[in-house]
Amino acid sequence: MSLLEQYEQQYASLIAEITAHIGRLQQQSNNSERHDLCSKIDGSMAEAQELLEQMGLEVRELNPGQRSSFNGKLQVAQAELKRLQAEYRMSKDKQKAQANAFTTLDLGDSYEDVSISTDQRQRLLDNSERIERTGNRLTEGYRVAVETEQLGAQVLNDLHHQRETLQGARARLRETNAELGRASRTLNTMMLRALREKVVLYGVGVCFVVAVGVSLYLTFAPSSTTSVTS
């Protein structure tokens with residue numbers, strides 16, 4: 001298991017622990033217990049933030065193909081941590097608001113204070129829901145961005161392979177043209193050589209005919225001269 005995968009497992013465990021503590025904090029009314037839970041959440045938040053920084057350093061050392069995938073995961077993890085931080089702040093604010101409402105509760109205006117606390121609680125719940133929906137939209141946006149980046153990388157990779165194929169075909173075409181040029185020159189050389197051989201052969205034939213003619217002339221010419229003299 002790589003160091004980055006170990007960081008991912010530790011981060012997932014911290015996120016699960018923080019989520020559980022925040023859920024308990026929202027239901028806890030004891031001040032001492034709430035203080036302990038807040039201390040644990042603060043420590044886990046700091047540790048999670050440090051893990052994200054370590055993961056970011058490790059991602060920078062990866063090759064480009066792996067880096068794009070892990071960058072998407074890292075962005076989603078950062079968005080999740082920010083969402084939990086916002087939920088944690090709202091939980092603490094809600095607890096403070098409720099505590100302030102109870103401390104200022106009076107017999108004469110108890111109904112008004114309770115209604116204010118209820119309105120605040122409803123507003124906080126609405127804000128929490130909006131933040132959660134925003135976090136979900138961000139997560140979905142990051143997922144789409146990662147998929148788009150991966151698709152773009154795949155298209156670039158395909159274009160690179162096609163370019164290499166075209167360059168190879170062009171190189172083979174140049175080699176074929178060179179081979180055809182050499183074959184054409186060889187054929188021209190052979191034709192010239194055959195033409196020279198024909199010329200030489202015709203010349204030898206002509207010389208042979210002339211030699212035979214001269215020989216016959218020299219053979220019969222003296223006999224004719226002797227007959228005439230007699």
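We use all heavy atoms of the structure for the numbers below, so side chains are in, but hydrogens, waters and symmetry mates are not. Residues: numbered from 1 along the sequence shown.
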- Message: Could you walk me through whether E175 and R172 satisfy the salt bridge (Lys or Arg N to Asp or Glu O under 4.0 Å) test, starting with their C-alpha distance in whole Å, then the side-chain angles of each, then the deciding distance to 0.1 Å, before giving a yes or no?
- Response: CA-CA 5 Å; E175 292 177 358; R172 288 193 295 271; over 6 Å; no
Mind listing the side-chain donor-acceptor pairs of residues 162-169 below 3.5 Å, one per line with the distance, residues two or more places apart or on another chain?
| from | atom 1 | to | atom 2 | distance (Å) |
| --- | --- | --- | --- | --- |
| E164 | OE2 | H160 | NE2 | 2.7 |
| T165 | OG1 | H161 | O | 2.9 |

Enumerate, atom names and distances included, each donor-acceptor pair closer than 3.5 Å involving a side-chain atom of residues 11-22, sequence neighbours excluded.
| from | atom 1 | to | atom 2 | distance (Å) |
| --- | --- | --- | --- | --- |
| Y11 | OH | A77 | O | 2.5 |
| S13 | OG | Q9 | O | 3.1 |
| T19 | OG1 | I15 | O | 2.7 |

Donor-acceptor contacts under 3.5 Å from residues 183-205 side chains, at least two apart:
| from | atom 1 | to | atom 2 | distance (Å) |
| --- | --- | --- | --- | --- |
| T186 | OG1 | R182 | O | 2.8 |
| N188 | ND2 | S184 | O | 3.2 |
| T189 | OG1 | R185 | O | 2.8 |

Result block: side-chain N/O donor-acceptor pairs under 3.5 angstrom for residues 36-59, not counting sequence neighbours:
| from | atom 1 | to | atom 2 | distance (Å) |
| --- | --- | --- | --- | --- |
| S39 | OG | H35 | O | 3.0 |
| D42 | OD1 | Y88 | OH | 3.0 |
| S44 | OG | K40 | O | 3.0 |

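Around CZ of R24, the count of heavy atoms belonging to other residues, nucleotides or ligands within 6.0 Å does not exceed 12.
Residues passing the side chain to side chain contact (heavy atoms under 4.5 Å, CB included) test with V212, sequence neighbours excluded: F208, L216. In terms of the salt bridge (charged side-chain N to carboxylate O under 4.0 Å, His left out) criterion, residue partners of R143 (sequence neighbours excluded) are, by chain and number, E140, E147. With sequence neighbours excluded, the residues satisfying side chain to side chain contact (heavy atoms under 4.5 Å, CB included) with V206 are V210. The side chain to side chain contact (heavy atoms under 4.5 Å, CB included) test applied to A79 returns Y142, not counting sequence neighbours. Qualifying side-chain hydrogen bond (donor to acceptor under 3.5 Å, both in side chains) partners for Q78, counting only residues two or more places apart in sequence or in other chains: none. With sequence neighbours excluded, the residues that form a side chain to side chain contact (heavy atoms under 4.5 Å, CB included) with R174 are R170, A171.
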